Protein chains: 2
Amino acid sequence: MAEQVETLRRTPLSRDRVLHAAVALADEAGIESLSMRKLAQELGVVPMALYKHVANKDELLDGMIDVVVGEIDPPVSDADWQPVVRRRILSAREALLRHPWAPIAIEARNQATPAILGYLNSMVGILRERGGFSTDLAHHVMHAMGSRMLGFSQELFDDSRRAGRSGPADPEPPAGFPPEAAAAFPHLAAIAGAAAHDDASVVGPGCDDQFEFEFALDLLLDGVERLRQQGWTST
Amino acid sequence: MAEQVETLRRTPLSRDRVLHAAVALADEAGIESLSMRKLAQELGVVPMALYKHVANKDELLDGMIDVVVGEIDPPVSDADWQPVVRRRILSAREALLRHPWAPIAIEARNQATPAILGYLNSMVGILRERGGFSTDLAHHVMHAMGSRMLGFSQELFDDSRRAGRSGPADPEPPAGFPPEAAAAFPHLAAIAGAAAHDDASVVGPGCDDQFEFEFALDLLLDGVERLRQQGWTST
DNA sequence: ACCTGAACACCGTTCAAGT
DNA sequence: ACCTGAACACCGTTCAAGT
């Protein structure tokens, strides 16, 4: 009877429930504190129960990545390739911003999950069909865009990723560019000061991340469009 | 007496020796199998002895990163900013290729080490002094180049990082683009086939990484030069 | 004062014993 | 057949006991 209460109290485990609980845990506690044991505890389950739904921790991470990739909007329809690619990449960026652990997880996993392959495949399709790119140019463009295709902002240092959004990550104030560092790195101090925003550090919070992302994205997209128009080929 | 032999047999520990041993261990065994305990064993020392030279594992990683950054050549002298930046970034890339774990380590650390700040500072200096960039443009360019400034190839998937260069990483052949995946991802299969090289996968070994890196780098540098010439400003 | 063994609080995962 | 507790082989780091 107590058994029956138990089974009724929580919906039964499923791969989906495991994956989404893991994503939620990583979102709020940071990826470095996601462990099989803590995840199991979160789900009110014994650690080994997870292994019925994921083969191991790496497969759990793959599944989590696919959950995030699944949040990217499908391409909008438009005559030109450029706005389609642009908007989809910005949608990918939004998904990644919701899950700050995802970029390092994806890069560290270093394995194409089916969801990522599907996303990239669809992006190549847009280049080819909407933009008339040669396979040759499309290939190099995919390399050149790299992980930016997935919305990575590629910032070298980014506090947003350090811990959960709600967690007490930094007791210290964001700090900006400390005076003693300004003396040692005058050029960095200068461009930090040039930023339109107050406590901007070189790369990181304080700068308008969205502006910087779109600046870099458009620099690439415009360069690519120029190559496309002049019929660039590597051979 | 046996004591004396012991002390003579190995040079005494130092921060430098610890750091270089850690880099060597990560190079050949992969960063994921670098542990304080294994590193100590490698140095013929009890684990706790390491803590005399590094505060903890994070500080060890910072030190390792600085070793790698220290391998980047100083800037060459040239009239134009573009070849100076280009050559230095390619030198950074060479350093990172020698230490495949470094990119993820740097991104995961998410903390600017002094060596990295110094490198970035010097790159801004080149833009400002050799190229006459405004602080405003230099700032956005640093964001746009992002980790590519440090020679990251930013490939989404890259076998070279998976394990040590000499280690028995992949018993399986590199595989290229498997037939069943080709059916599911036709566009990826198409561009893989378009690559001038045999078993090219979308992104990864088989492609000419050096070509792809320089293609992307020049796309960015040319775009930046165009902005510079037209006196671009964000305000 | 310095060094270090044992211990602590964790991991991911195996495996055999329970139902 | 399924589930799961205990165990194994690891971690990074603290701490107290040794010299």
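Chain letters run A, B, ... following the sequence lines, proteins first, then strands; residues in each count from 1. Not measured: the values here are computed from a predicted model.
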> List every contact pair, protein side and nucleotides 9-11 of chain C side both N or O, where the distance is under 3.5 Å.
from	atom 1	to	atom 2	distance (Å)
C:dC11	OP1	A:S35	OG	3.3

> For atom C1', what is the distance between D:dG12 and C:dT14, given to the nearest Å?
23 Å
> Which atoms of nucleotides 17-19 of chain C (N or O only) lie under 3.5 Å from a protein N or O atom, and what are those distances?
none

> Measure across B:F152 and B:P103 and return the closest heavy-atom pair with its distance rounded to 0.1 Å.
CZ-CA, 3.6 Å
> Any salt bridge between B:E42 and B:R37, counting N to O under 4.0 Å?
no
> Would B:R93 pass as a cation-pi partner of B:F213, given that its NZ or CZ must be under 6.0 Å from the six-membered ring centre and within 45 degrees of the axis?
yes
> Please report the closest heavy-atom contact between A:A138 and A:V124, naming both atoms and the distance.
CB-CG1, 4.5 Å
> Given 3.5 Å as the limit, does a donor-acceptor pair link the side chain of A:S33 with the main chain of A:A29, or not?
yes
> Rounded to whole Å, how long is the line connecting atom CD of A:E59 with atom P of C:dT13?
11 Å
> Name all residues meeting the salt bridge (Lys or Arg N to Asp or Glu O under 4.0 Å) criterion together with A:E214; count only those two or more places apart in sequence or in a different chain, and write none if there are none.
A:R86
> Heavy atoms only: give me the nearest A:R148-A:I89 pair and the separation to one decimal.
O-CG2, 3.3 Å
> According to the Watson-Crick and G-U wobble definition with distances under 3.5 Å, which dot-bracket string, read 5' to 3', encodes DNA chain C, using [ ] for crossing pairs and | for pairs with another strand?
||.|||||...|||||.||
> Pairs in or reaching into residues 114-124 of chain B: which pass side chain to side chain donor-acceptor pair (under 3.5 Å), with residues at least two apart or in two chains?
B:R88-B:S122
> Could you tell me whether the side chain of B:S91 and the main chain of B:I72 form a donor-acceptor pair under 3.5 Å?
no
> Can you tell me, in whole Å, how much space there is between the C1' of D:dT13 and that of C:dT13?
23 Å
> For B:T113 and B:D66, does a side-chain donor sit closer than 3.5 Å to a side-chain acceptor?
yes
> State plainly whether the residues A:D27 and A:R98 are in salt-bridge range, i.e. N to O under 4.0 Å.
no
> Do B:H140 and A:F211 make the cut of ring centroids closer than 6.0 angstrom?
yes
> B:L13 has an atom CG; how far is it from atom P of C:dC2, in whole Å?
16 Å
> Within the side chain of A:S147, is there an N or O that forms a donor-acceptor pair under 3.5 Å with the backbone of A:L150?
no
> Check each residue of residues 46-53 of chain A for a non-hydrogen atom within less than 4.0 Å of any atom in DNA chain C, then write out the ones that pass by number, or none.
A:M48, A:Y51
